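Report on one structure; see the data block that follows.
Please read these numbers as outputs of a predicted model, since none were measured by experiment. Counting convention: from 1, in listed order, for ligands and their atoms alike. Any value given below was found using the heavy atoms of this structure, including those in side chains, with hydrogens, waters and symmetry copies removed.
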Amino acid sequence: MSTTAPETAAAPRPERIAHAFVRDVALPGGAGTLALVTVDNGLDHTKPTTLGPGGLAELHTALVEQQRRALAGEIVAVGVTGKPYYLAAGADLTAVTAISGEADARRVAAAGHRTYRLLGEMGVPTFAYVNGAALGGGLELALHCTYRTVGADVGALALPEAFLGLVPGWGGCYLLPHLIGVRRALEVILTRPLAGNRMTKAAEALELGVVDAVFHPADFLEQSLVWTADVLAGRVTPVRGEIESQEEWDAVVEAARAQLDLRLHGAKTAPYRALDLVAAARTADRDSAFAAEDDALAELIMSDQLRAGLYAFDLTSRRARTPAGAPPAELARPVRSVGIVGAGLMAGQLAVLIARRLRVPVVMRDIDDARVAAGLAGIRAQVERQAAKGRMSADEANRVLASISVSTDLSTLAGADLVIEAVTEVLALKQRVFAELEGVIADDAVLATNTSALSVTAMSAHLRHPERVVGIHFFNPVAQMPLIEVVRTASSTDAAVATAFALAKQLGKTAVGVADRPGFVVNRLLLRLLAEVAAAVEGGTPVRTADVALRPLGLPMGPFALIQLVGLPVALHVLSALHDELGARYPLSPGLERLAAQGRRLVPEPDGRGAELEVDPAIQDAFDAPGEPSGATALDEAGVLDAVLVGLTEEIGLMLDEGVVASPDQIDLCMILGANWPLHLGGISPYLDRAGYSERVLGRRLLPRGVADVPAAP
Ligand SMILES: NC(=O)c1ccc[n+]([C@@H]2O[C@H](COP(=O)([O-])OP(=O)(O)OC[C@H]3O[C@@H](n4cnc5c(N)ncnc54)[C@H](O)[C@@H]3O)[C@@H](O)[C@H]2O)c1
């Protein structure tokens, strides 16, 4: 099953019925008649075909009829294909979110098997002609066929269920490992979905054995039919690899389980359920394997984790396209050239992204020749790296480099329509930089800051034109992180804010409008989490206990690895800014400061084998050093987790009261896209609701019941 997002998790839209059109095709060379079934919802290519109860019923009727015809000798084969660009995008997830009881969930699961399995029980060979995206149940439809061809331009073949919180339960967990072996099947069922829902392209699908042949899109169906005739005549025999021995199968499954544990520590149910199904697939018969898939689907469909996953997926894929609170887009100023102040880590990355996507001249300014030269060298290295990886052509690399200039001369920024400052995170310095800029840039140029946590209002307080100042907070690494927090002050004009939103859109990022409060959304919450962990350690909790305490959440990394990634000095700097602004909820950590002063790492260097970065136990000494008692107490793992969740809930409550964002879903969007927080937590609010923290700490839920969890029984 899977994967087109519901309109909203709470308000399902009616199913777009997938019709099954059947026509007879005379195979080349007099090979006989093939019944070609086209799955098509009759809508344009922006609305992919998905399969809900109505569509499955129509497909079932069509396939039963072909089965009769096959038995009667009227057809020699059955083919299945889709409308342009899509074979099918899986189950209609809107229908899934509307299900409110396990018996209904089981019926949906079983309806898929009941229909699809006819393709394996047709009495004649069946062929899937994968002419476009085949996602989830779309790909499973193809897997039930005897053979598969794919168009060379197809870029989206996937079983994304484990990513969303489901299993490929319309046959995928049984059929795929039998087709391509367990090692490759787990690559498609687990590894790719959990690596940010990576899609498989046509050529890779051939390599993996998921499909048997690739044909040019121009005459894809004709070529597929010629190939079909060749297969039927025995002129072509698709090569299928041997599947692994039981011993090897078990070893692959156990290795995959160890990888899952390393990554998720059991936090997300669906990938483990998928692995169990694949583990059993080698010896299971078809009926019991399909029944086990039904069981898994029924259980997962009725789980809060899936509901949170669908809410989060919808939030990041569909709803994010219309940013909440953005001024009308037409108010944005045209940006024909961009100035960047600073040539450091963030500035260099911004320059490359902007030059690349906006295709406008970018002028950078730093304070001395050495920094200018270092900045330029960094930009060259970035561009060369991207070119070497094939992400940028040589021409594009030359164009990007030619459009970026670096100087120590402030007046080079004079002509910019938008200037972004990315200088060292010190308020007085940023105030000075803005004041200097006002002297050289046009009165209507937009001034932006990339500050992580400082007050944009304070930064612009002494300017002649504070109304043109806006925060555009990018995340590191800039090329990869999809979020931008657009910070609006009380003085910011709609034009300045609209320019920031327009920039985000042109850069292919998701923008979330936030109020000018310390740390905005992502840093405020991440630092609150780290502050709770650091406080626990200062109070005598062993570093190892604090490090593993958050594992039940399945976050992308442990707290010490996160500090290491951000950089300890940077993390301490932001912590101290938040301590100054928000007070005792963000206590300083003498132990972390000692470690920073000693220049020590918190986690060992990565070993290159992808093992999780755990805290280096040797750093315990920095916290055991004599000093002022912190007032905090030593906690066990459960205590640390509880303190962190209470802290996050309290902070979210305050952020909503302060109007940092208008609603909790905006916080979730920020945490998913700006901090890689997992879909099964729904970002964070759905988790705090279902774990009881919002009721306990705030006395109310963050989201209405049923939006990101299973609705209450009627
Ligand atoms: N590093 C991150 O992960 C990250 C992420 C998001 C936002 N930020 C924010 O981006 C900003 C820059 O951070 P960074 O990590 O790139 O710092 P950095 O230290 O790498 O670069 C800062 C640069 O600013 C230059 N500079 C100082 N005064 C200047 C002046 N008057 N005119 C021109 N240049 C001047 C410095 O010489 C230096 O090259 C900070 O506000 C930081 O909070 C950083």
Side-chain angles (χ1 to χ4, degrees), residues 339-354 362-379 381-382 405-413 416 419-441 447-456 458-460 469-487 500 504 507 509 514 516 518-524 526-527 530 562-578 581 670 673-676:
I340 297 177
V341 196
L345 175 71
M346 292 302 283
Q349 298 182 68
L350 294 180
V352 172
L353 182 70
I354 291 172
V362 178
V363 186
M364 293 172 75
R365 192 252 171 171
D366 211 307
I367 44 177
D368 58 38
D369 289 340
R371 287 173 216 233
V372 162
L376 199 53
I379 286 171
Q382 266 189 75
S405 54
V406 189
S407 166
T408 54
D409 180 359
L410 187 69
S411 67
T412 52
L413 303 173
V419 179
I420 306 174
E421 76 74 18
V423 304
T424 320
E425 183 83 341
V426 174
L427 180 61
L429 171 64
K430 290 185 187 266
Q431 284 173 325
R432 185 153 53 79
V433 164
F434 270 2
E436 285 171 2
L437 282 168
E438 260 208 327
V440 295
I441 61 172
L447 263 182
T449 170
N450 185 41
T451 183
S452 304
L454 296 175
S455 162
V456 183
M459 221 176 278
S460 49
V469 177
V470 61
I472 307 186
H473 183 215
F474 289 84
F475 291 79
N476 185 29
V478 172
Q480 276 97 54
M481 295 302 285
L483 182 70
I484 293 180
E485 290 172 334
V486 172
V487 187
L507 297 178
K509 305 285 184 195
V514 300
D516 184 24
F520 317 121
V521 173
V522 174
N523 282 339
R524 183 160 169 179
L526 286 183
L527 265 291
L530 295 177
L562 176 63
I563 300 177
Q564 187 69 52
L565 180 80
V566 172
L568 179 55
V570 175
L572 285 175
H573 196 79
V574 182
L575 178 61
S576 122
L578 294 180
E581 298 275 352
C670 287
L673 298 183
N676 279 325

Notebook entry, point to check: What atoms of ligand 1 come closer than 4.0 angstrom to any heavy atom of T451?
Noted result: 41 (O)
Next item on the list: List the closest protein heavy-atom neighbour of atom 32 (N) of ligand 1: residue, atom name, distance to the nearest 0.1 Å.
Entry: R365 NH1, 3.4 Å
Check: Should E425 be counted as touching ligand 1, given the test is an N or O pair under 3.5 Å?
Finding: yes
Checklist line | S452 side, atom OG; L454 side, atom CG - distance, nearest 0.5 Å | finding: 7.5 Å
Item checked: Heavy-atom pair of closest approach, residues I563 and A571 -> CG2-CB, 4.0 Å
Check: Going by the atom numbers of ligand 1, which of them fall below 4.0 Å from some non-hydrogen atom of K430?
Finding: 40 (C), 41 (O)
Notebook entry, point to check: Are any of the heavy atoms in N450 under 4.0 Å away from ligand 1?
Noted result: yes
Notebook entry, point to check: Against heavy atoms of F474, which atoms of ligand 1 measure under 4.0 Å?
Noted result: 6 (C), 7 (C)
Note to self: Please classify the V433 to ligand 1 contact at 4.0 Å (heavy-atom distances, strictly less than): side chain, backbone, both or neither.
What the structure shows: side chain
Next item on the list: For V470 and A500, work out which heavy atoms get closest and say how close.
Entry: CG2-CB, 4.1 Å
Margin query: When you measure from the side chain of E438 to the backbone of F434, do you find a donor-acceptor pair of N or O atoms at a distance under 3.5 Å?
Written below: no
Check: Looking at V341, which atoms of ligand 1 are within less than 4.0 Å of one of its heavy atoms?
Finding: 32 (N), 33 (C)
Margin query: Closer than 4.0 Å and a protein heavy atom, does any atom meet both conditions relative to atom 21 (O) of ligand 1?
Written below: yes
Note to self: Show the nearest heavy-atom pair for residues I340 and I354, with the distance to one decimal.
What the structure shows: CD1-CD1, 4.5 Å
Notebook entry, point to check: Which is it for H473 and ligand 1 at heavy atoms under 4.0 Å: side chain, backbone, both or neither?
Noted result: side chain
Note to self: To check your reading of the model: name the closest protein heavy atom to atom 30 (C) of ligand 1, its residue, and the distance in Å.
What the structure shows: I367 CG2, 3.5 Å
Next item on the list: For L429, take its heavy atoms, then give the atoms of ligand 1 lying under 4.0 Å from any of them.
Entry: 27 (C), 28 (N), 31 (N)
Item checked: Matching residue for V341 among V419, T449, I420, N450 - test: side chain to side chain contact (heavy atoms under 4.5 Å, CB included) -> V419
Check: Mind checking whether F475 and N676 have side chains closer than 4.5 Å, heavy atoms only?
Finding: no
Margin query: Is there a polar contact between ligand 1 and A347, counting only N or O atoms under 3.5 Å apart?
Written below: no
Notebook entry, point to check: Quick one: does E421 get an N or O within less than 3.5 Å of an N or O on ligand 1?
Noted result: no
Notebook entry, point to check: Considering only protein heavy atoms, which is closest to atom 11 (C) of ligand 1, and at what distance to one decimal place?
Noted result: V423 O, 3.4 Å
Next item on the list: Look at the side chain of K509 and the backbone N and O of V478, then say whether any donor-acceptor pair between them is shorter than 3.5 Å.
Entry: yes
Next item on the list: Could you check atom 26 (N) of ligand 1 against the protein and tell me its nearest heavy-atom contact, residue, atom and distance included?
Entry: D366 OD1, 3.7 Å
Check: Is there any N or O on S452 that sits under 3.5 Å from an N or O of ligand 1?
Finding: yes
Next item on the list: Give a yes or no on whether atom 17 (O) of ligand 1 lies under 4.0 Å from any heavy atom of the protein.
Entry: no
Checklist line | pair P477-M481: side-chain heavy atoms closer than 4.5 Å | finding: yes
Checklist line | Any donor-acceptor N/O pair, Q382 side chain to G348 backbone, under 3.5 Å | finding: yes
Check: How close does the nearest protein non-hydrogen atom get to atom 3 (O) of ligand 1, and which residue and atom is it?
Finding: N476 CB, 3.2 Å
Check: Going by heavy atoms in the side chains, are T451 and V456 under 4.5 Å from each other?
Finding: yes
Margin query: Pairs of nitrogen or oxygen atoms closer than 3.5 Å, one from M346 and one from ligand 1: do any exist?
Written below: yes
Margin query: Keeping E485 on the side-chain end and V522 on the backbone end, is there a donor-acceptor pair under 3.5 Å?
Written below: yes
Next item on the list: Please report the shortest heavy-atom distance between L350 and A422, naming the atom on each side.
Entry: CD1-CB, 4.4 Å
Check: Under a 4.5 Å cut-off applied to non-hydrogen side-chain atoms, are D409 and R365 in contact?
Finding: no
Next item on the list: Quick one: look at V574 and ligand 1, take heavy-atom pairs under 4.0 Å, and tell me if it's side chain, backbone, both or neither.
Entry: neither
Notebook entry, point to check: Of all heavy-atom pairs between L413 and I441, which one has the smallest distance, and what is that distance?
Noted result: O-CG2, 3.7 Å
Next item on the list: Mark up the atoms of ligand 1 that fall under 4.0 Å of a heavy atom belonging to R371, in ascending order.
Entry: 36 (C), 37 (O)
Notebook entry, point to check: Tell me, which protein residue and heavy-atom name are nearest atom 19 (O) of ligand 1, and how many Å apart are they?
Noted result: T424 OG1, 4.6 Å
Check: Of the protein's non-hydrogen atoms, which lies at the shortest distance from atom 1 (N) of ligand 1, and what is that distance?
Finding: L345 CD2, 3.5 Å
Checklist line | Atoms in ligand 1 with a heavy atom of G342 nearer than 4.0 Å | finding: 24 (O), 33 (C), 34 (N)
Next item on the list: Have a look at ligand 1 and work out which part of E436, if any, has a heavy atom under 4.0 Å from it: side chain, backbone, both or neither.
Entry: neither
